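Within every chain, numbering begins at 1; the chains are lettered A, B, ... in the order of the sequence lines, protein sequences first and strands thereafter. Predicted, not measured: the structure shown is a model, and the values here were computed from it.
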4 protein chains.
Amino acid sequence: MVRVKDETKRLAIVENTLDIVFEKGFAGVKMATLAKKIGISVSTLYVYYKNKEDLIISIATELIERETKRSSNSITADLPFKLKIKAIWVYWINFSINHSKEMNFITQVKKSPYYDKVPEAVRETKSRLGTDLFELGKKEGLIKNVSNEILESTMGAILLETVNLIIDKKLKLNKKDIDLMFSFAWDAIKS
Amino acid sequence: MVRVKDETKRLAIVENTLDIVFEKGFAGVKMATLAKKIGISVSTLYVYYKNKEDLIISIATELIERETKRSSNSITADLPFKLKIKAIWVYWINFSINHSKEMNFITQVKKSPYYDKVPEAVRETKSRLGTDLFELGKKEGLIKNVSNEILESTMGAILLETVNLIIDKKLKLNKKDIDLMFSFAWDAIKS
Amino acid sequence: MVRVKDETKRLAIVENTLDIVFEKGFAGVKMATLAKKIGISVSTLYVYYKNKEDLIISIATELIERETKRSSNSITADLPFKLKIKAIWVYWINFSINHSKEMNFITQVKKSPYYDKVPEAVRETKSRLGTDLFELGKKEGLIKNVSNEILESTMGAILLETVNLIIDKKLKLNKKDIDLMFSFAWDAIKS
Amino acid sequence: MVRVKDETKRLAIVENTLDIVFEKGFAGVKMATLAKKIGISVSTLYVYYKNKEDLIISIATELIERETKRSSNSITADLPFKLKIKAIWVYWINFSINHSKEMNFITQVKKSPYYDKVPEAVRETKSRLGTDLFELGKKEGLIKNVSNEILESTMGAILLETVNLIIDKKLKLNKKDIDLMFSFAWDAIKS
DNA sequence: CATGAATGAGCCTTCATTCAT
DNA sequence: TATGAATGAAGGCTCATTCAT
């Protein structure tokens, strides 16, 4: 069937682009190389994406939307505040490790000029690690009373560093190390 | 003496490369554009650097060496531990802001394939934010008893995020905000 | 019947091709663009025409044949020579203006490499502005005694220029201006 | 010497471009083909011209300026009006034949979208076949009292047609044929 | 040391055309 | 007949690098 074939191919393009960006960054994405890796013709790439920029921005948009949706889904559990935020922390560590290429792609895009061209609607709904959550924590007097943006940035930075340390084998993906790193993050933001 | 003229020109090359990398990343460094910006011929660039890779790696090496030297110089003051570490923190915040292009260059290089080609000796002597210092803090029982690498990474991540927040105007370069952000870092590592 | 649908589509192809050639020349005719303009699939174009060359040559052939037929039809009125030739002149001015896209297409084809591939039979029966007519004029001693080809070329050039001046709004499509321009043509060929 | 070499190469580019446009039109000008014809690298073309459009527009500008200068120079002889205009006529016939490729290039450019990008100053000073001259002729009551633009267009059309007939071997470049064709033009405009 | 000129190696993109359904 | 998908071939352009002066 044609439909299946299409989606398979599109996914292959996305997958391989992610791989290349992970290994060599955006500059490393050559349309010809990408096509060869997938086993299709260069022109075929242009059937799916208008041009290289469109390719990258489309993938970025897709990933960010997916990430956004996921992050909002992850804040459902009904737990005491600290445990709740830890659950999210653990969730994101695992997700980042398991989807390191996607996360890497998003991270790179955010620092690149491509990001300006991601639809504004998508950019706005991005990485809500927990605006509502921080609000709650502040109300309960559990975390420092500073802007959500700063809380989020700080936790995000520690989280990303944790992931990098795990990837670089300086930390392990076990309870002890995860707990340790969470203590860094929690101690940083708690009041 | 010819030497003087040379050094001026070499500095101009470094300066302009820093500017371009800051604005457009490594991919934005075109030998022709760079030369035009400086007001010299493209060929002249090749008198000073063997090729583009050499240009970037040489600059990176120079900057990293300078940074390393500076960081070791900064740990001289004789103060109680927390104040000492805060002094370093403040020093580095200021330095990073005042030398944002240099810092940006180093940051970018570390994430790029170029970094593998920076002389190993230089890579090893890098950013010693305070190995000795952390050792001291742990001995006094003031900070978490974990590897220096993790302490350094965590503080480094928070520091970098702080700098970014300042650059993005989300934070100001005043005592209040600096103190606030230091509290994040200190709380994270203190035992 | 299927036939009706076909003819409609074929006419749409011709019409839109004429439009594009009028606006952007042959190089502006992209099979994909043309198809989209019509609202059909690119592949469908290939059902009607073997390839792009065939498309253009077929349209050219069709238009030239139609024009040829028309020109011979136009020399029927029974009038004194000068009036007869003026009638034809006026007829062609009007026709050229009203069918500027068709005329433009023919003009362009004649100057393009495509023209060599128009069936010879068609090329030969072309724009007979009045071979017989010129013969008559010469017999009556009213026009210069030179080859029909030269007479026709000259009148044709002035006619085309007249049409262009009208299109460029340098002349109007009224009796005065038409008469004026006819006087140029007539004075040129009269003996 | 470097200077000489440059000019030689630039002239070769112009010459070969003229040839190609004469044979195949603008669409026939492929940077690779052009370079190979000249015996230089494609990149070298880009040393002399920013891109293909710049190549064509620069050549057009150069040719039009030269033509304009020439045409104004040609109206110097002190002769009775009809002889004067004939002298110019003969001059232009000869020039057009001898420089058919240049003339062809200019003609083509004027009908192409490139023409809009020729510097306005150049476009304005173009083909002054004889505005002043026509003014004189009208004052002396020798030619039709219509706008110079129309007189010029008409004569221009007949002149161009004459050149085409000569190129197509339908006319010869001898006194008899030139005189004949001038009579068409003169009779057309004379009062 | 300084540079103008020249170039090869790529890269992105377009487009007419084919083919299986 | 109608078409969505795929592609080969080609063309324009960029850019790091070399070389003779």
Side-chain angles (χ1 to χ4, degrees), chain A residues 1-3 5-6 8-10 27-35 38-55, chain B residues 1-3 5-6 9-10 27-35 38-56, chain C residues 2-3 5-6 9-10 27-35 38-56, chain D residues 1-6 8-10 27-35 38-55:
Chain A
M1 225 166 68
V2 186
R3 262 291 151 80
K5 213 174 174 182
D6 281 357
T8 302
K9 203 162 285 178
R10 206 185 61 76
V29 179
K30 322 284 176 175
M31 301 305 266
T33 312
L34 175 57
I38 303 171
I40 60 175
S41 165
V42 181
S43 337
T44 306
L45 284 178
Y46 286 85
V47 172
Y48 289 81
Y49 300 95
K50 197 183 159 193
N51 52 37
K52 186 178 167 178
E53 186 179 283
D54 181 43
L55 167 73
Chain B
M1 221 167 73
V2 189
R3 218 46 177 164
K5 205 175 173 187
D6 284 358
K9 207 166 281 183
R10 204 186 61 76
V29 180
K30 313 291 161 73
M31 300 304 266
T33 312
L34 175 58
I38 303 170
I40 61 176
S41 163
V42 182
S43 323
T44 306
L45 284 178
Y46 285 85
V47 172
Y48 289 80
Y49 299 95
K50 194 182 157 197
N51 52 35
K52 186 177 169 179
E53 187 179 280
D54 180 41
L55 167 72
I56 288 172
Chain C
V2 188
R3 219 41 179 170
K5 205 172 170 190
D6 284 357
K9 207 166 281 181
R10 205 185 60 76
V29 180
K30 313 290 163 70
M31 300 304 266
T33 312
L34 175 58
I38 302 170
I40 61 176
S41 163
V42 183
S43 322
T44 307
L45 284 178
Y46 285 85
V47 171
Y48 290 81
Y49 299 95
K50 194 182 158 195
N51 53 36
K52 185 177 170 179
E53 188 180 281
D54 181 41
L55 167 72
I56 289 172
Chain D
M1 225 167 67
V2 187
R3 261 292 152 78
V4 175
K5 213 173 176 181
D6 281 359
T8 304
K9 202 163 286 180
R10 205 186 60 77
V29 179
K30 324 282 178 175
M31 301 306 266
T33 312
L34 175 57
I38 303 170
I40 61 176
S41 165
V42 180
S43 339
T44 306
L45 283 178
Y46 287 86
V47 171
Y48 289 81
Y49 300 95
K50 196 183 160 195
N51 52 36
K52 186 177 167 181
E53 185 179 283
D54 181 43
L55 167 72

K.L.:
Of all the nucleotides listed (E:dG8, F:dT3, F:dA6), which has the minimum atom distance to the side chain of C:Ser41?
P.N.:
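Nearest nucleotide to the side chain: F:dT3.
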K.L.:
Report, as a single string ordered 5' to 3', how protein heavy atoms within less than 4.0 Å touch nucleotides 12-17 of chain F: B base, S sugar-phosphate only, - not at all.
P.N.:
SBBBSB
K.L.:
Ignoring hydrogens, what is the shortest heavy-atom contact between B:Lys9 and B:Ile40? Give both atom names and the distance.
P.N.:
CD-CG2, 4.0 Å
K.L.:
Using 0.5 Å steps for rounding, measure from the CD1 atom of C:Ile38 to the OG1 atom of C:Thr44.
P.N.:
9.5 Å
K.L.:
For A:Tyr48 and E:dC12, give me the distance from atom OH to atom C1', rounded to whole Å.
P.N.:
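Those two atoms, OH and C1', are 20 Å apart.
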K.L.:
In Å and rounded to the nearest 0.5 Å, what is the OH to CG distance from C:Tyr46 to C:Asp54?
P.N.:
10.5 Å
K.L.:
Report the distance from atom OH of A:Tyr49 to atom P of F:dA5, rounded to the nearest whole Å.
P.N.:
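Checked: the OH to P distance equals 14 Å.
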K.L.:
Want to settle it: does C:Ile40 or A:Gly39 sit nearer the 5' end of DNA chain F, counting the closest nucleotide to each?
P.N.:
C:Ile40
K.L.:
Any side-chain N or O of D:Lys9 under 4.0 Å from OP1/OP2 of E:dA6?
P.N.:
yes
K.L.:
If a pair means Watson-Crick or G-U wobble with both distances below 3.5 Å, what does DNA chain E look like in dot-bracket form, with | marking bases paired to a different strand?
P.N.:
.||||||||||||||||||||
K.L.:
Working to the nearest 0.5 Å, report the span between CG of D:Leu34 and CG of D:Leu45.
P.N.:
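Atom-to-atom, D:Leu34:CG and D:Leu45:CG are 5.0 Å apart.
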K.L.:
Hey, are the side chains of B:Leu55 and B:Tyr48 touching, using non-hydrogen atoms and a 4.5 Å cut-off?
P.N.:
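Answer no - side chains too far apart.
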K.L.:
Nearest whole Å is fine: how far is F:dT7 C1' from A:Leu45 CG?
P.N.:
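In whole Å, F:dT7 C1' and A:Leu45 CG are 11 Å from each other.
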K.L.:
Check this one for me: any side-chain N or O of C:Thr44 less than 4.0 Å away from OP1 or OP2 of F:dT3?
P.N.:
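So the side chain of C:Thr44 is within the cut-off, an N or O lying under 4.0 Å from OP1 or OP2 of F:dT3.
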K.L.:
Applying side chain to side chain donor-acceptor pair (under 3.5 Å), name anything that partners A:Asn51, two or more places apart in sequence or on another chain.
P.N.:
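Counting only residues at least two positions away or on another chain, A:Asn51 forms no side chain to side chain donor-acceptor pair (under 3.5 Å).
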K.L.:
B:Lys52 and B:Val29: which non-hydrogen atoms are nearest, and at how many Å?
P.N.:
NZ-O, 2.8 Å
K.L.:
Could you report the tightest heavy-atom contact between B:Ala32 and B:Val42, atom names first, then the distance?
P.N.:
CA-CG2, 3.8 Å
K.L.:
Return the value, rounded to whole Å, for the distance between atom CZ of C:Arg10 and atom P of F:dA2.
P.N.:
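Rounded to the whole Å, the gap is 13 Å.
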